[in-house]
Amino acid sequence: MIFDRLENLPAYTALAPEVMPKIVEFLGKCGAGEIAEGRHELDGDKLFVNVMSYSTKPFNPELLEYHRKYVDVQLLLAGSETLYYEPAGTAVCTPYNEENDCGFNQVPASALPLKLEVGNFVLLLPEEGHLPGVGDGSGVVKAVVKISTDLLS
């Protein structure tokens, strides 16, 4: 997991040198408010961005999600939320679904709460558990980049 600011994202180019410049350019446009909600394909199913708005929700101890096929880069564009992070899997609530690339575990007491505010991003590797969107019901806008593990160096 990497937690940083959008302006520092280019420093992580070595993680995915073929795609990181595309991600930096796209998220820069998102940060400037130039991108509409919805799915934006940068390289088909291998690299795409979902821009979404939603209301934060109360903490749910059974919704620590994890993925296996994709790395997530989540950038908050408006509002604020808490994202809970846990590096290792815990008790499985919902088995992994390969079609959706998602499974859910229980949130352990050791989960780290991260306060996401405008301009913050979090990069989550496969199998790293995360529970985004926790808050008091206020609205947020977020861009979530999905990077296929096939593209990682």
Side-chain angles (χ1 to χ4, degrees), residues 1-54 56 63-90 92-108 110-135 140-153:
M1 184 264 304
I2 295 170
F3 179 68
D4 207 337
R5 302 268 320 146
L6 177 60
E7 59 266 21
N8 298 326
L9 186 59
Y12 302 101
T13 298
L15 296 173
E18 300 295 318
V19 299
M20 196 59 82
K22 293 178 189 178
I23 295 168
V24 169
E25 179 183 357
F26 187 88
L27 291 181
K29 291 177 183 175
C30 285
E34 300 173 14
I35 303 296
E37 286 189 39
R39 180 177 165 132
H40 302 270
E41 293 186 2
L42 304 180
D43 188 3
D45 284 338
K46 290 186 176 187
L47 179 64
F48 59 94
V49 183
N50 291 318
V51 178
M52 63 196 83
S53 62
Y54 56 88
T56 58
L63 290 180
L64 188 76
E65 67 182 79
Y66 64 93
H67 311 290
R68 291 185 179 154
K69 296 180 187 177
Y70 290 95
V71 171
D72 274 9
V73 179
Q74 299 189 15
L75 171 69
L76 209 58
L77 303 171
S80 66
E81 70 176 32
T82 300
L83 178 144
Y84 286 83
Y85 166 78
E86 177 66 25
T90 56
V92 174
C93 296
T94 305
Y96 175 76
N97 180 317
E98 188 168 342
E99 184 178 324
N100 297 332
D101 185 40
C102 194
F104 294 96
N105 295 332
Q106 292 178 349
V107 181
S110 60
L112 176 66
L114 300 171
K115 179 76 170 185
L116 294 179
E117 296 181 337
V118 174
N120 288 134
F121 77 87
V122 61
L123 185 148
L124 299 153
L125 297 173
E127 302 292 342
E128 291 185 322
H130 52 286
L131 170 57
V134 177
V140 299
V141 180
K142 182 188 272 188
V144 178
V145 179
K146 302 297 264 185
I147 307 167
S148 170
T149 55
D150 296 340
L151 298 176
L152 299 179
S153 58

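Quick note: residue numbers are just sequence positions, from 1.
The closest side-chain heavy-atom distance from K146 to L47 is not below 4.5 Å.
Note on ring orientation: taking the six-membered ring where Trp is involved, the planes of Y12 and F121 are perpendicular (angle over 60°, cut-offs 30° and 60°).
A salt bridge links K142 to E81: at least one charged side-chain nitrogen sits closer than 4.0 Å to a carboxylate oxygen. Looking at D45 and R39, a side-chain N of the basic residue comes within less than 4.0 Å of a carboxylate O on the acidic one, giving a salt bridge.
In this structure, the side chain of E25 does not engage the main chain of K22 through any donor-acceptor pair within 3.5 Å. For the pair E128 (side chain) and M1 (backbone), a donor-acceptor distance under 3.5 Å is present. With hydrogens and angles disregarded, a donor-acceptor distance shorter than 3.5 Å links the side chain of D101 to the backbone of R68. Judged purely by atom type and a 3.5 angstrom limit, N100 has no side-chain atom pairing as donor or acceptor with the backbone of N97.
From Y85, atom OH reaches atom CG of L112 across 8.5 Å, with rounding to the nearest 0.5 Å. For the atom pair CD1 of I147 and CG of L125, the computed distance is 9.5 Å after rounding to the nearest 0.5 Å. We find the CG-CG distance between L75 and D4 to be 11.5 Å, quoted to the nearest 0.5 Å.
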Intermediate values then yes/no, side-chain contact (heavy atoms from CB on, under 4.5 Å), V122 and L83: CA-CA 9 Å; V122 61; L83 178 144; 3.9 Å; yes
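Across all non-hydrogen atoms, the minimal contact from E41 to F48 is CA-CB, 4.0 Å. Annotation for S53 and V141: closest pair CB-CG2, 4.0 Å, computed over non-hydrogen atoms.
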